[in-house]
Amino acid sequence: MDFKDSPKAYDASAVETDIFRKWEESGAFNPDKLADLDERYKNAEPYCIVLPPPNRTGTLHVGHAKMLAIEDLLIRFYRMRGRKAYWIPGTDHAALATQVKVEQKLKDEGMADPRKELGREQFLEKVRDFAQKSRDTIVNQCKAMGSSMDWTREKYTLDAERNKAVNATFKMMYGDGLIERGFRVVNWDPVFKTTLSDDEVEHKEGQAEFVTFTYDKNFPIQISTTRPETKFGDTAVAVHPEDERYNKYVGQTIEAVFCGKPIKVKIIADESVDREFGTGALGVTPAHSLVDADLADKHGLPMVQVIGEDGKMTAEAGADFAGLTTVEARKKIVAMLEAQGCMVKKETIAQNLLVAQRGGNPVEQLPMRQWFVRVNKKFKLRQNTLGKWKRGEEATLKELMRYAVESKQTRVLPDNFEKIYFHWIDNLRDWCISRQIWFGHQIPVWYKGEEIQVGNESPGEGWERDPDTLDTWFSSSLWTFSTLGWPDNATVDADGNLAKTGELKEYHPTAVLETGYDILFFWVARMVLMSTYALGEVPFRDTYLHGLVRDDQGRKMSKSLGNVLDPLELIPKYGTDAVRLSLVMGTAPGMDQKLSEDKIKDFRNFTNKLWNISRYVLTQANLESRILNPEIRTLADGWIMARLDEVREKVAQLIENYQFSQAGELLRDFTWGDFADWYLEIAKIEKGKDAILNHILSSLLKLWHPYMPFVTEYVWGLMGNGKQLIVSAWPDVTSHVARPASQGEEFETLRTLITDIRRLRSENGVEAAALVKVALVSNEATKKLIQENLAVVKQLARLESIEFVAAVEQGWPTAMSGATTVGLNLASGVDVAKEKDKAEKEIAALKPYIAATEAKLQNADFTGKAPEKVVNDMKSKLDEAKAKLQALEKRLETLG
RNA sequence: GGACGUUUAGCUCAGUUGGUUAGAGCGUUCGAUUCACAUUCGAAAGGUCGCAGGUUCGAAUCCUGCAACGUCCACCA
């Protein structure tokens, strides 16, 4: 290709599809084919990331795009570093979310009750269709983002292999007594008619009528509630043990008639009751409040269910109320209490309403027979676990989850999320895993009367399968090992150690789990639970949590606000590389990020800059020289090579520490600020740098590849490099090229001098193109430096000549550059007042600095305690400042 | 109520073991433009690092308190 004819602006959409296809076809995404592409992948150390499987509920949003950008960055970085990189793709069936979506769609299309009208199989057919379409969209989106996952090994949380893992886990946990069927209070969504886990329920701020009353005329204690309709189910009134108002009643069981329904209420004492709140007496409703259910457990209270699964009052509420909705019942009760004279007062208070996270429907708490994972139950470990427990020893699931993080076998980044994780574990209740929806893994349990059998196959005649399905997080929580061939790839050896084979052995524990902090509990914690339980090891070494992507005003992106940025609309407009950069740069781990189109535009500009840098190098430097070792001939050569070494090292360190933004900024400064703005300009003056130019361009492409895979691979291909960039090695150490150590510093002196002369010109209105004469007062070392690089200084500062003098002539504008005084020979002369003002200002800034620095250096505490380097640096800074001050004062004198 | 964050230039944000006179991008102002790139180049202005104390030779950085904003958890029944 003739680069002179290449387009001035990088056209991402013209090249991206083709580049992606070549990567995919080459086998670079497939860890087992890497060795065919490059020798160094033979026996390479594996590096594995599982993709947090996106829900098959539609399309990916910009949050997913951020996740893909970060994970692809890591995978590409480690692949180039010679690791056998495996990124496992897959999607999540997202049981409830997907079913809700399809059900809603069918309702919108006019079906009154889709589940009833279609029946289980036909309904599921509709859901599967939708899920399949979502999957196709998601895969295309992932590819558009440049994700280098091994697409030949795509997984699905609801496919046969995952089902096998789910059933195996269920069976093991059932056998260990960790999964149990129980009649307990659960969160019930009356709209979608299913249970929900505690994490799927949210508290929404609202207002409620708070009524204070007695159950009947004779009842001696007043209680308060916002939900009088539940009071048919009260079996106790709890008071604080030290509350003198109620002491005398404690222990009694009082029979009362509440709105026509006889109830038996025991007066109990419990520390948890707040004496200051309401009347200080709490009506306990074990069947309809998780908190009350705990109290009931503690005090041995019976449970009376008065609200049914349809959200309506049951027969237990008495004939007058049975069949009413809770709201109807509430109104009727309030009226009845008032009529009976039992009502003490009615207030409006701020109260949080329980609502479903998905859908936002009010959630009822009801006692139901459901399946639970018991997190506080001691069980016998199946294998040696986390290096702490031996096979056969006892522990609880909570203990495993806690120890995995406490012992740093899984690192949580940023580490403040550790505290949040521990807090969640401490407050964790048993996990209700059965759902009354159809889309998901059916619970592998069979019933015959009261008999129960666990397994996938029917135990025989007369056995019926549980119609319920498992919480979607049950299958997601196995994701790190269900995708690697578990349970087939694991046995426990004679010593109690887990013996892994195949992919499980190679890749588990995975390297890092990268995801948004919003699913720390839902998913990350549950993966730790399952992996430590089933394998006795952590699921991943690092947990890296990224922040949420918000709009430019910091609001959550949502369809209703209309502030959603769709990655698939942005990619054709700005290019994938720009979109990726905008999601990785200017952010810190765990911090939310504001994203605007302007920001993406800025990074589009940068991809174009890199394109033009490449174009220039490729038109100027003889390509054949790219195989030669760069030869250092000038100061600038030594400087840029030293900078490259420094940057290469630092970037790798930063990426290893998940500091992508900082690494990227460093790279950008080097690419744009050092290489393009300085070195390339110098290369126009000092010719014959073909090998260095090619070397640095190649290095830049490699260093940028994890961030900007497309433009870098494209240019790499144009250079005629045989091997694809994606599998080429991270830049080699270049320090074999001899160079004096001082070159970096000396170059900085020159760079500062040139900038200072440019400023002087600008301040004095010298035309940009005009050549001027300067006089320099300088020490010998600097003088030598300038003389050796005369052409560069003259060209970059636009100078006609440089003269070294003892003193700058009166009447010339001057500036200080380090210890060097620069005088500009202007025909127009100098504006004396302006020059004086400038000098005075500089002096005014310098004097307090010198005073403060001198004081510091005279302080024995400082010189004694501070490291020598700090003291020496300060000394030389002081000397420089003093010389500058002296020159400025002299200057002021000559100005009169 | 509990916990965890955030507060640094007009805006968006870096600043990892405390160490030069605190940085970047965008925006603004001034100037340039046949020569890789106007998706560009040169230059400038702009900050008492939320407030108040403390530790230290030295604090944006560590400690204490306060304020504002945000998030999560709990739910007072």
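By convention in this document, chain letters (A, B, ...) are assigned in the order of the sequence lines, proteins followed by strands, and residues within each chain are numbered from 1. It should be emphasised that the depicted structure is a prediction, and the values quoted were computed from it without experimental measurement.
- Under the 3.5 Å distance criterion, with hydrogens and angles disregarded, no donor-acceptor pair is assigned to the side chains of A/Asp577 and A/Trp704.
- Between A/His423 and A/Asp592, the residue anchored closer to the 5' end of RNA chain B is A/Asp592, taking for each the nucleotide with the nearest heavy atom.
- Residue A/Thr225 is in sugar-phosphate contact alone, with no base atom involved, counting any heavy-atom pair closer than 4.0 Å across all strands shown.
- Side-chain atoms of A/Asn605 lie closest to B/U39 of the nucleotides B/C57, B/G42, B/U39.
- In this structure, CG of A/Asp873 is placed 14 Å from C1' of B/U21, rounded to the nearest angstrom.
- Sequence neighbours left out, the pairs with a member in residues 267-281 of chain A that pass side chain to side chain donor-acceptor pair (under 3.5 Å) are A/Asp270-A/Ser272, A/Asp270-A/Lys298, A/Asp270-A/His299.
- In this structure, B/G27 makes no Watson-Crick or G-U wobble pair, since no nucleotide meets both defining distances under 3.5 angstrom.
- Among B/U20, B/C4, B/C75, the nucleotide with an atom closest to any side-chain atom of A/Arg429 is B/C75.
- Below the 3.5 angstrom threshold, one finds no donor paired with an acceptor across the side chain of A/Lys8 and the base of B/C37.
- For A/Lys856 and B/U21, the shortest distance from a side-chain N or O to OP1 or OP2 is below 4.0 Å.
- Within 4.0 Å (heavy atoms only), A/Glu767 reaches no atom of the nucleic acid at all.
- For B/U12, the OP1/OP2 oxygens have no side-chain nitrogen or oxygen of A/Gln593 closer than 4.0 Å.
- Geometrically, A/Lys345 does not engage A/Phe213 in a cation-pi contact, judged by NZ or CZ lying under 6.0 Å from the ring centre and within 45° of the ring axis.
- The side chain of A/Lys594 lies closest to B/C13, out of B/C13, B/U40, B/G5.
- Listed nucleotides: B/A14, B/U71, B/G19. Nearest to the side chain of A/Ala588: B/A14.
- Taking the side chain of A/Tyr849 as heavy atoms from C-beta on, and the options B/A43, B/G31, B/U21, the nearest nucleotide is B/U21.
- At least one donor-acceptor pair under 3.5 Å links the side chain of A/Asn427 to the backbone N or O of A/His423.
- With rounding to whole Å, A/Lys650 atom NZ is found 17 Å from B/A14 atom P.
- The listed nucleotides are B/U21, B/U6, B/A36; the one nearest the side chain of A/Tyr616 is B/A36.
- Computed from coordinates, the A/Leu666 CG to B/C13 C1' distance equals 17 Å when rounded to whole Å.
- Side-chain proximity of A/Lys877 to the nucleotides B/U12, B/U20, B/U39 is greatest for B/U20.
- Between A/Ala881 and A/Lys419, the residue whose closest nucleotide on RNA chain B is further toward the 5' end is A/Lys419.
- Contact record, A/Phe660 with A/Met585: O-SD, 4.4 Å, taken as the closest heavy-atom pair.
- Residue A/Glu597 contributes atom CD, which lies 18 Å from atom P of B/U12 at whole-angstrom precision.
- For A/Lys609, whose side chain is taken as the heavy atoms from C-beta onward, the closest listed nucleotide among B/C72, B/U20, B/U40 is B/U40.
- When each of B/G5, B/C57, B/U39 is scored by its nearest atom to the side-chain atoms of A/Asp861, the top-ranked nucleotide is B/C57.
- A straight line from CE of A/Met585 to P of B/C13 spans 15 Å, rounded to a whole angstrom.
- For the P atom pair drawn from B/U7 and B/A60, the interatomic distance equals 15 Å after rounding to whole Å.
- Under the Watson-Crick or G-U wobble criterion, with both distances below 3.5 Å, B/C66 is paired with B/G50.
- Within 4.0 Å (heavy atoms only), A/Pro867 reaches at least one base atom of the nucleic acid.
- Within the nucleic acid shown, A/His203 comes within 4.0 Å of at least one base atom, counting heavy atoms only.
- Using a 3.5 Å distance cut-off with no hydrogens or angles, the side chains of A/Lys594 and A/Gln553 do not pair a donor with an acceptor.
- The side chain of A/Asn612 sits closest to B/C37 out of B/C37, B/A32, B/G42.
- At B/A44, one or more side-chain N or O atoms of A/Arg759 fall inside 4.0 Å of OP1 or OP2 (strictly under the cut-off).
- Note on A/Asn416: only backbone sugar-phosphate atoms sit closer than 4.0 angstrom, heavy atoms only; bases stay farther off.
- Residue A/Thr755 has a polar side-chain atom (N or O) positioned under 4.0 Å from OP1 or OP2 of B/A43.
- Across all strands shown, A/Tyr10 has no heavy atoms under 4.0 Å from either base or sugar-phosphate atoms.
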Write out a two-atom table: protein N or O, nucleotide N or O from nucleotides 23-27 of chain B, distance below 3.5 Å.
unit_1, atom_1, unit_2, atom_2, d
B/A24, O2', A/Arg668, NH2, 3.3

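- A/Val291 comes within 4.0 angstrom of sugar-phosphate atoms only, judged by non-hydrogen atoms across all strands, and of no base.
- Taking the six-membered ring where the residue is Trp, A/Phe675 and A/Phe670 present parallel rings, their angle staying beneath 30° rather than reaching 60°.
- A cation-pi arrangement is absent between A/Arg580 and A/Tyr707, since the terminal nitrogen or guanidinium carbon is not both under 6.0 Å from the aromatic centre and inside a 45° cone about the axis.
- Checking B/A45 for Watson-Crick or G-U wobble geometry (two distances, each under 3.5 Å) identifies no partner in any strand.
- B/G18 sits 13 Å from B/A59 when the P atoms are compared, rounded to a whole Å.
- The existence of a salt bridge linking A/Lys398 and A/Asp426 is excluded, since no basic side-chain nitrogen approaches an acidic carboxylate oxygen closer than 4.0 Å.
- In this structure, A/Leu354 atom CG and B/C73 atom P are separated by 12 Å, rounded to whole Å.
- Note on A/Arg604: every side-chain N or O is 4.0 Å or more away from OP1 and OP2 of B/U39.
- Residues A/Phe603 and A/Tyr574 keep their aromatic ring centres 6.0 Å or farther apart.
- Between A/Lys847 and A/Glu842 there is no salt bridge, since no side-chain nitrogen of the basic residue lies less than 4.0 Å from a carboxylate oxygen of the acidic one.
- Base pairing of B/G1 is made with B/C73, judged by Watson-Crick or G-U wobble geometry with both donor-acceptor distances under 3.5 Å.
- Residue A/Gly278 is classed as having no contact, given no heavy-atom separation below 4.0 Å to the nucleic acid.
- Summarising the geometry, the separation between CG on A/Asp199 and P on B/U71 is reported as 18 Å, rounded to the nearest angstrom.
- Pair assignment for B/A60: none, as no Watson-Crick or G-U wobble contacts are both less than 3.5 Å.
- Atom NZ in A/Lys865 sits roughly 8 Å away from atom C1' in B/U56 (whole-Å rounding).
- Judged by distance alone, with hydrogens and angles left aside, A/Asn352 brings a side-chain donor or acceptor within reach of the base of B/C75, the pair sitting under 3.5 Å.
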